[in-house]
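Every chain is numbered from 1, with letters handed out A, B, ... down the list of sequences.
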Amino acid sequence: MSQEQGITPRAKDFSAWYNDAVMRAELADYSPVRGCMVIRPNGYAIWELIQQALDRMFKDTGHRNAYFPLLIPQSFLAKEAEHVEGFAPEVAVVTRAGGKELDEPLVIRPTSETIIYDSFAKWIHSYRDLPLLINQWANIVRWEMRTRLFLRTTEFLWQEGHTAHVDEADAEREARQMLAVYRRFAEEWMAMPVLTGVKTDSEKFAGALRTYAVEALMQDNKSIQAGTTHHLGQNFAKAFGVQFQTAAGGLDYVWNTSWGLSTRLIGGLVMTHGDDVGIVCPPRLAPVQVVVVPIYRSDAERTAVSEVADRAAKSLRDGGFRVELDAREGMKPGAKYYEWEGQGVPLRLEVGPKDVAKEQVFAARRTGGKAPIPLAGLVDGVRAALEEIQSGLYQAARERREANTRRGVSRDELVALMAGPGGFAFGGFCGRLECELAIKEATKATVRVLPDEEFRSPTPPATCAWCGSPSVVEAVWAKAY
RNA sequence: CGGGGCGUAGCGCAGUCCGGUUAGCGCGCCUGGUUCGGGACCAGGAGGUCGGAGGUUCAAAUCCUCUCGCCCCGACCA
């Protein structure tokens, strides 16, 4: 009866719960360097699954992977005025190497627009070279003041797509397409409902014409930006001289996009589906989808049970599932249950003497509920259970989001909402920076997105939630990660 | 950088106010045995520069000074 690794309940302290859940699942550990983190095998396995799913989606939309250097000449960053200003405070700079001061300091990439567009300038000559569709998987460094495991660390892993196009419309199409990819990934793989939309000028990427994002509401009613795409216009093309000959024989600058999604998503996964026991992995991103636990007393029982458990595990592996058979001796089944639950394994199959006699396994879902599955239909039964868990997680998250969304908020409601429970607040917006800043000052909430049409309210708000003047666009406010 | 908390065994902590001899407890770990359908039990065992430096003292985990680091909350950000 020894409860050793109880974690802080969400209701008591959400931040503490998050740390406990991440540590209990052994996703990550603190590093000797302030602000950095070690991604442990359990966490990295989730990242690998995210990479596999996204990489396929990127390739299917015509992108190719490449790799650009970690170190960037400092002067590159300075070529785009808004960009350098946006990143200056958080850039780490190498000034000394090889035992001497460098002639020109090298920055450790906070993002790779500059060094990539320097290459693009060499590679692109003709409209026939366009579109150029590149992605890279990389680590980047941004010197953050305050860090949290996965959610904000000094170094993190991400992918960054960089593309060049003949005209504005094609670049816009690309930025929109990749936003749709992120949305689909979030919904279908992460089981995480998202809002899509455009960022306000004050929230957009430094150097971009427009920034789009997918935003998801976490269980503490704060929003996380789960993926972001930028239409960069010709800003970087002009700064780096990325020109091409048009079909008509003229000379023009390319139109660029960039888009990224990071290991932060793992934090989003934890905060979307986790409960007071620990993390819950949606089956499609679960490093272990099914754990098989044999149960027995005597040696004779062990023999019979093990035989069935082995066979079950093997047939599931052959069926394409990620399966762990937990045959550890000297550990009671209950102890194993708690361990795997803490790692978020969506489905546990118990195999005991009674099950062997009935030619079944007993399936316990991480999301609740137990039911037998006949051995004869094991693969199909497990597939159905995992699909139900996947869609159930999405539905639950979606219902939670809807329950924590308010529409047509007034100034008083916005203030009260953000001072209290939080959540998504839809309301009218006059579009003025002045109001945006006043709201942020008063409520700590920011405009997460100006939502795309499908997410907007049936009747557009008439007046700005803050100043009461006519609304020009609907906005979604929330506190954010 | 401001406010709050904390550094004692792998993890979680007690001991610190009021200095005193071999620094303790739970979990975990190792060995053997009995167990095993929701966190097992018994017996034996390993494991410590008390974050670091300096000082006070016959004597410091404990008192003083400095310092390093971590977590949480706030100002910046994916």
For atom P, what is the distance between B/rG37 and B/rG32, given to the nearest Å? 23 Å
Please determine, for B/rU16, whether a Watson-Crick or G-U wobble partner exists with both distances under 3.5 Å, and give it or none. none
Atom-to-atom span, NZ of A/Lys479 to C1' of B/rA75 - whole angstrom: 15 Å
What pairs of nitrogen or oxygen atoms, one from the protein and one from nucleotides 29-38 of chain B, lie under 3.5 Å apart?
{"residue": "B/rC36", "atom": "OP1", "partner": "A/Arg297", "partner atom": "NH1", "Å": "2.8"}
{"residue": "B/rC36", "atom": "O2'", "partner": "A/Tyr296", "partner atom": "O", "Å": "2.8"}
{"residue": "B/rG37", "atom": "OP1", "partner": "A/Lys332", "partner atom": "NZ", "Å": "3.3"}
{"residue": "B/rG37", "atom": "O6", "partner": "A/Gly352", "partner atom": "O", "Å": "3.2"}
{"residue": "B/rG37", "atom": "O6", "partner": "A/Pro353", "partner atom": "N", "Å": "2.9"}
{"residue": "B/rG37", "atom": "O6", "partner": "A/Lys354", "partner atom": "N", "Å": "2.5"}
{"residue": "B/rG37", "atom": "O6", "partner": "A/Asp355", "partner atom": "N", "Å": "3.3"}
{"residue": "B/rG37", "atom": "N1", "partner": "A/Asp355", "partner atom": "OD2", "Å": "2.5"}
{"residue": "B/rG37", "atom": "N2", "partner": "A/Asp355", "partner atom": "OD2", "Å": "3.0"}
{"residue": "B/rG38", "atom": "N7", "partner": "A/Lys370", "partner atom": "NZ", "Å": "3.0"}
{"residue": "B/rG38", "atom": "O6", "partner": "A/Arg348", "partner atom": "NH2", "Å": "2.5"}
{"residue": "B/rG38", "atom": "N1", "partner": "A/Glu341", "partner atom": "OE2", "Å": "2.8"}
{"residue": "B/rG38", "atom": "N2", "partner": "A/Glu341", "partner atom": "OE1", "Å": "2.8"}
{"residue": "B/rG38", "atom": "N2", "partner": "A/Glu341", "partner atom": "OE2", "Å": "3.3"}

Do the charged groups of A/Arg311 and A/Glu307 touch, with an N to O distance under 4.0 Å? yes
Which part of the nucleic acid does A/Thr153 contact within heavy-atom distance under 4.0 Å: base, sugar-phosphate only, or nothing? base
Cation-pi between A/Arg142 and A/Trp158: NZ/CZ under 6.0 Å from ring centre and within 45° of the ring axis? yes
On a whole-Å scale, what distance lies between the C1' atoms belonging to B/rG15 and B/rG20? 14 Å
Describe the nucleic acid contact of A/Leu151 in one word from base, sugar-phosphate, nothing, applying a heavy-atom distance below 4.0 Å. base
Check A/Glu339 with A/Arg328, please: is the shortest side-chain N to carboxylate O separation under 4.0 Å? yes
Atom pair distance, as rounded to whole Å: CD1 in A/Ile7 and C1' in B/rG12: 15 Å
d(CG, A/Asp29; C1', B/rC11) in whole Å: 11 Å
Strand partner of B/rG74, provided both Watson-Crick or wobble distances fall under 3.5 Å: B/rC1
Salt-bridge test for A/Asp275 and A/Arg366: reply yes if a basic N is under 4.0 Å from a carboxylate O, no otherwise. yes
Rounded to whole Å, how long is the line connecting atom CG of A/Asp220 with atom C1' of B/rC72? 14 Å
Watson-Crick or G-U counterpart of B/rA60, or none if no pair lies under 3.5 Å: none
Tell which nucleotide pairs with B/rG47, taking only Watson-Crick or G-U wobble pairs whose two distances are both under 3.5 angstrom. none
P gap between B/rA43 and B/rC25, integer Å: 14 Å
Between B/rG48 and B/rG52 - P atom distance, rounded Å: 14 Å
Spacing between A/Lys222 atom NZ and B/rG74 atom C1', to the nearest angstrom: 11 Å
Using the side chain to side chain donor-acceptor pair (under 3.5 Å) rule, take A/Thr257 and A/Trp259 through it: C-alpha gap first, then chi angles, then the decisive distance, then the call. CA-CA 7 Å; A/Thr257 82; A/Trp259 26 276; 3.3 Å; yes
N/O (side chain, A/Asn19) to phosphate O (OP1/OP2, B/rC72) under 4.0 Å: yes
Any Lys/Arg nitrogen of A/Arg302 or A/Asp299 sitting under 4.0 Å from an Asp/Glu carboxylate oxygen of the other? yes
Taking pairing as Watson-Crick or G-U wobble with both contacts under 3.5 Å, can you name the mate of B/rA53, or confirm there isn't one? B/rU65
A/Trp143 CH2 to B/rC76 P: how many Å, rounded? 20 Å
Go through the steps to decide whether A/Phe120 and A/Tyr117 satisfy the test ring-ring contact (aromatic ring centres under 6.0 Å, His included), and finish with yes or no. CA-CA 5 Å; A/Phe120 278 17; A/Tyr117 300 144; 5.4 Å; yes
First of A/Ser262 and A/Arg148 reached from the 5' end of RNA chain B, by closest nucleotide: A/Arg148
A/Phe424 six-ring centre to A/Arg448 NZ/CZ under 6.0 Å and within 45° of normal: no
Across the strands shown, which category fits A/Gln225 at heavy-atom distances under 4.0 angstrom: base, sugar-phosphate, nothing? sugar-phosphate
Between B/rC30 and B/rA9 - C1' atom distance, rounded Å: 15 Å
Considering every strand shown, what is the Watson-Crick or G-U wobble mate of B/rA40 when both distances are under 3.5 Å? B/rU34
Minimum-distance nucleotide to A/Tyr30 side chain [options: B/rC71, B/rA75, B/rC72]: B/rC71
In whole Å, what is the span from the CG atom of A/Asp20 to the P atom of B/rG12? 10 Å
How many whole angstroms separate atom CE of A/Met23 from atom P of B/rC70? 14 Å
Less than 6.0 angstrom separating the ring centers of A/Tyr212 and A/Tyr182, yes or no? no
